[in-house]
Amino acid sequence: MDYLKGLNPPQREAVEHTEGPLMIIAGAGSGKTRVLTYRIAHLIHAKGVDPFNILSLTFTNKAAAEMKNRIEQLIGLEARNTWMGTFHSTFAKILRVEADKIGYPSNFSIYDADDSKSLIRTIVKEMKLDDKVYKPNTVLSRISGAKNRLISWETYLNDPFIKADDEAAMKPRMGEIYRNYQRRLFKAGAMDFDDLLFNTNVLFRDHLDVLNKYQQRFKYVMVDEFQDTNVSQYLITKKLAAVHQNICVVGDDAQSIYAFRGADIQNILNFEKDYPDLFVVKLEQNYRSTKNIVQAANSIIAKNKAQLKKEVWTQNHNGELIELIKASSDNEEGRMVATTIFEEKNNKKLNNSDFAVLYRTNSQSRSIEEALRKMNITYKIVGGLSFYQRKEIKDLMAYMRFVVNKEDEEAFKRVINYPKRGIGDTTVEKILVAAYEHDIPLWEVLTNANSFLSGRAANAVDDFTTMIKSFGIEMERKDAYEAANSIAKQSGLLRELYEDKTIEGLNRYENVQELLNAIKEYVDNPENEDKSLGAFLQEIALLTDNDRDKDTTDAVTLMTIHSSKGLEFKQVFVVGMEEDLFPSQMMMQSREDLEEERRLFYVATTRAMEKLYLTYALTRYRFGRLLNCEPSRFLEEVDPACIRVNKRMTSALSGALRNEFSEGRSGFIGIKKPANRPTTTAKIHTPSPDFKPSNTNNLKEGMLVEHPKFGYGKVTKIEIEGINKKASIQFDNFGEKVLLLSFAKLRIID
DNA sequence: AGGCAGTCGGTTTTT
DNA sequence: CCGACTGCCT
């Protein structure tokens, strides 16, 4: 085949090695997707494999779509028949078909994280536990972690180590919550994201005939981004490939960034043990980036202990040095990014789409957005508050979900009284108690409202069920679009939004219209055979914002590092290079955590083809508070030969700030005069509870105040600098401090 | 049942 | 800063 000519020797080896277990270690920018697509094409064309027998698993819908696209270009429509999708969507489809074998209805709902958390909140409340101890987030991630390691609630409750662990964390009832959560999901005919994989494992474990069916079907199994698989995912693929042993995994241990989701880097490090006759190919030549960028990335990742041996290199030019940009605040950082983009665009005749701004957390996008808007630079945000997480979208989807699956408790709670129809919390509570305590299906309670509720409430509920029933009939007779359309209209949801004439309301109305359009597109797409509402819902439940078609106009891309994986841009800004932000202080519990943050930095830098900027701010607003920031340790870890400091950017203001208030700490800007008192005289001080930031607006010179850390002090000076009001305070035991009034916590004594 | 004002708390990444 | 929740009033 002539398409093999364009490949370098290791790439070609990977493509041609089709039989038996194969691991491809693919460094950043080494042409991984190319190899994967060529390999599939090769299987079909040269080896005569039926596309129907090939399964390719990816982590994002985008990656799956991209690969499908590229194969189609290579070998034409034949490629349509290969099964290509994310783990979650692939096994959701299989579970739909086999649901009855594990006791689920085939129209099961898929709970997203919000639904899961809401359910956990209800359970914690019902168990009369403290929701400050059992926070939905913590509980969910604990349960999720268990499921990813295939620990059922039964096992969880009986495992003495887990028990000891939970007790040490002062959360002894965790196992019971897990049990109740799981029972409640089952009763609602619902699975959360992790269940899709967990239950597939259960299905394959308990029903060997089913497993065998899929083993026969998938003669060739391929896993992309293998470093991101968790145990649950790995076991599924291993089982599927057990008969034919044609398993090909592609990954890069240096880009494993999903440990928080249960990804286990050991999967890739131990793969050889599971397959002794494993063939390994390393793709080490980088075609994407300049030497400087490759070297910078390598110099960071080299500090990690847990990694496979690999030497990524490139024949590309040295390119420009990496530019280090220092700003005094997050807003100035944004301005610098925007002006740099503006200038580079003009100087090098680049498009907006050649630029990307990457950050560690979604909330960092704000200051960048503002600056870009001011300079009239078009941008698009990937991820963030997802379209599908918007209230109006979730509301309409909840209606659709409830019509499809009338046991779906979370969907029910969303729609029962929205728009308002006079059914209050007490009534909802009664309905749920009736259903749960006596183990009656929710829909049975609703259709017999008279037996459970008193007159007025029962009538309102009757009207509701009548409406839902009519939607059900409509759903059976019509396609997803028509059904959704009349649900939106007749439920009153569309009218409610239409009547809201604020800009926000208009937006919401448009969003709902957009969802309806998406359903229309789905129905009109000849590739989708099943045009029912249920089929559409299962499709959409696993979509994220990243999968939505954004306007293809020329725009700068803003996103988190996590969502940037697999992409490349000519020029990349990695912003917020500050200690505790990146590497994130939330993460930093162990060496492994630091190493994952390093890999994250590795991913970020290797997105850049020609030029890379690292920027940081000395002060930053987060959660409405102004914090002082230290430069990230990563700035020191990068090989200094690759970096140059942008002098122009180091403004007088930032320099002054840096020198004068160098000892940053949350809550105060710095020490002006060192305290020359013996520390032994510091008395033990228990702060009273009423320290409020707002109090400090009333500060006047000469006042006596109390600070939670420094104790009692006297205000010596009030001054305004820029947007900040500052107070110098002489503390009894700590000398003079300068506090920022916008957030310093103080109590005024007189 | 529902609306409003005021308090409290979280503050990471995604299928 | 922003959303979720609480308590009070109609």
Side-chain angles (χ1 to χ4, degrees), chain A residues 57-64 85-92 110-114 116-118 121 125 131-132 135-138 140-141 144 147-148 191-197 225 228-230 232-233 256-263 358-364 366-367 382-386 388-389 391 416-429 456-457 460 540-547 559-565 576 580-589 593 596-597 599-600 603-604 620-627 666 689 692-694 742-743:
Chain A
L57 295 167
T58 59
F59 275 81
T60 62
N61 297 292
K62 211 192 218 165
T86 63
F87 272 94
H88 289 85
S89 72
T90 302
F91 297 112
I110 298 173
Y111 276 11
D112 69 9
D114 288 338
S116 298
K117 276 182 229 163
S118 152
R121 213 172 285 127
K125 206 177 272 175
D131 61 359
K132 303 217 169 60
K135 292 176 195 154
N137 268 327
T138 325
L140 182 59
S141 77
S144 169
K147 283 182 187 171
N148 287 333
M191 298 191 196
D192 66 13
F193 286 136
D194 302 312
D195 283 336
L196 295 174
L197 305 170
E225 307 281 11
D228 290 335
T229 48
N230 58 39
S232 174
Q233 289 163 324
S256 166
I257 55 173
Y258 283 104
F260 70 90
R261 208 168 70 189
L358 307 182
Y359 34 77
R360 178 68 234 267
T361 74
N362 277 308
S363 58
Q364 285 168 257
R366 201 213 79 242
S367 54
V382 179
L385 180 71
S386 153
Y388 299 104
Q389 284 178 315
K391 183 184 178 305
I416 178 70
N417 199 30
Y418 182 79
K420 300 266 177 292
R421 45 176 77 89
I423 303 172
D425 294 346
T426 12
T427 310
V428 175
E429 197 62 23
R456 206 177 69 220
I540 207 173
L542 297 167
L543 285 185
T544 63
D545 201 55
N546 299 5
D547 305 317
M559 64 189 153
T560 63
I561 299 165
H562 282 88
S563 22
S564 75
K565 193 140 81 169
D580 293 343
L581 184 59
F582 188 27
S584 155
Q585 65 163 2
M586 302 274 99
M587 277 290 298
M588 302 281 285
Q589 310 291 336
D593 294 337
E596 171 140 328
E597 295 284 307
R599 292 192 291 269
L600 208 44
V603 169
R620 179 178 296 276
Y621 269 100
R622 287 179 79 197
F623 317 115
R625 243 154 286 179
L626 185 67
L627 303 180
S666 167
K692 288 181 184 168
S694 53
S742 50
F743 68 108

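A quick note: this is a predicted structure, and the numbers were derived from the prediction, not measured.
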K.L.:
Roughly how far, to the nearest 0.5 Å, is the OG1 atom of A:T60 from the CG atom of A:L542?
P.N.:
12.5 Å
K.L.:
So A:N148 and A:S232, side-chain hydrogen bond (donor to acceptor under 3.5 Å, both in side chains) or not? Walk me through it.
P.N.:
CA-CA 5 Å; A:N148 287 333; A:S232 174; 5.4 Å; no
K.L.:
Would you mind reading off the distance between A:Q233 atom CD and B:dT14 atom P, rounded to a whole angstrom?
P.N.:
16 Å
K.L.:
Taking only side-chain N and O atoms of A:R121, does any of them lie within less than 4.0 angstrom of OP1 or OP2 on C:dC5?
P.N.:
yes
K.L.:
Please state how far atom OH in A:Y258 lies from atom P in B:dT13, giving the value in whole angstrom units.
P.N.:
11 Å
K.L.:
Between B:dT11 atom P and A:R366 atom CZ, what is the distance in whole Å?
P.N.:
18 Å
K.L.:
Base, sugar-phosphate or nothing for A:T427? Non-hydrogen atoms, less than 4.0 Å.
P.N.:
sugar-phosphate
K.L.:
Evaluate the side-chain hydrogen bond (donor to acceptor under 3.5 Å, both in side chains) criterion for residues A:T426 and A:E429: first the C-alpha distance (whole Å), next the side-chain angles of each, then the deciding distance (0.1 Å), finally the verdict.
P.N.:
CA-CA 5 Å; A:T426 12; A:E429 197 62 23; over 6 Å; no
K.L.:
Pick base, sugar-phosphate or nothing for A:R599, based on heavy-atom distances below 4.0 Å to the nucleic acid.
P.N.:
nothing
K.L.:
Taking the side chain of A:H562 as heavy atoms from C-beta outward, which of B:dG2, B:dA1, B:dT14 is closest to it?
P.N.:
B:dT14
K.L.:
Measure from the side-chain heavy atoms of A:K132 and tell me the nearest of B:dG9, B:dG10, B:dT14.
P.N.:
B:dG9
K.L.:
So, is A:N362 close to the B:dT13 phosphate, meaning a side-chain N or O under 4.0 Å from OP1 or OP2?
P.N.:
yes
K.L.:
Which nucleotide in the list B:dT12, B:dG10, B:dT15 gets nearest to the side chain of A:S584?
P.N.:
B:dT12
K.L.:
Please find the pair of heavy atoms, one from A:R620 and one from A:L581, that lie closest to each other, and give the distance.
P.N.:
NE-CD2, 3.5 Å
K.L.:
Would you classify A:F59 as touching base, sugar-phosphate or nothing, given that sugar-phosphate means primed atoms plus P, OP1 and OP2, and contacts are heavy atoms under 4.0 Å?
P.N.:
sugar-phosphate
K.L.:
Go through the steps for A:T86 and A:S89 under the test side-chain hydrogen bond (donor to acceptor under 3.5 Å, both in side chains), then give the verdict.
P.N.:
CA-CA 5 Å; A:T86 63; A:S89 72; 3.0 Å; yes
K.L.:
With no hydrogens and no angle check, just 3.5 Å: does a side-chain donor-acceptor pair link A:S563 and A:T560?
P.N.:
yes
K.L.:
Roughly how many Å is it from NZ in A:K125 to P in C:dC5, rounded to a whole number?
P.N.:
6 Å
K.L.:
Measure CG/A:L197 against P/B:dT14 and give the value in whole Å, please.
P.N.:
18 Å
K.L.:
What nucleic acid atoms does A:R360 come within less than 4.0 Å of, heavy atoms only: base, sugar-phosphate, or nothing?
P.N.:
base
K.L.:
Once you apply a heavy-atom cut-off of 4.0 Å, does A:T426 come out as touching a base, just sugar-phosphate, or nothing?
P.N.:
sugar-phosphate
K.L.:
Can you tell me how far C1' of B:dT15 sits from CD1 of A:I257, to the nearest Å?
P.N.:
13 Å
K.L.:
Would you say A:S563 reaches B:dT14's phosphate, i.e. side-chain N/O to OP1/OP2 under 4.0 Å?
P.N.:
yes
K.L.:
Can you tell me if A:T560 touches the phosphate of B:dT14, counting only side-chain N or O atoms and a distance under 4.0 Å to OP1 or OP2?
P.N.:
yes
K.L.:
Measure from CG on A:N61 to P on B:dT14 and round the result to the nearest Å.
P.N.:
14 Å
K.L.:
Across the strands shown, which category fits A:D112 at heavy-atom distances under 4.0 angstrom: base, sugar-phosphate, nothing?
P.N.:
nothing
K.L.:
Let's see if you can work this out: which of B:dG9, B:dT15, B:dT13 has an atom nearest to the side-chain heavy atoms of A:T60?
P.N.:
B:dT15
K.L.:
Nearest-Å distance, CG (A:D114) to P (C:dG3)?
P.N.:
13 Å
K.L.:
For a quick check, tell me whether the side chain of A:R261 and the base of B:dT13 share a donor-acceptor pair closer than 3.5 Å.
P.N.:
no
K.L.:
Tell me if the aromatic rings of A:Y359 and A:H562 count as close, with their centers under 6.0 Å from one another.
P.N.:
no
K.L.:
Here's a test of your reading of the structure: between A:K420 and A:D194, which maps to the more 5' nucleotide of DNA chain B?
P.N.:
A:K420
K.L.:
Do NZ/NE/NH1/NH2 and the carboxylate oxygens of A:D228 and A:K565 come within less than 4.0 Å?
P.N.:
yes
K.L.:
Stem finding on DNA chain C, please: runs of three or more consecutive Watson-Crick or G-U wobble pairs, both distances under 3.5 Å, sorted by first number.
P.N.:
B:1-10 with C:1-10
K.L.:
Out of B:dT13, B:dG2, B:dT15, which has the shortest distance to the side chain of A:N417?
P.N.:
B:dG2
K.L.:
Before accepting this row, confirm whether a basic side-chain N of the pair A:K147/A:D195 lies closer than 4.0 Å to the acidic partner's carboxylate O.
P.N.:
yes
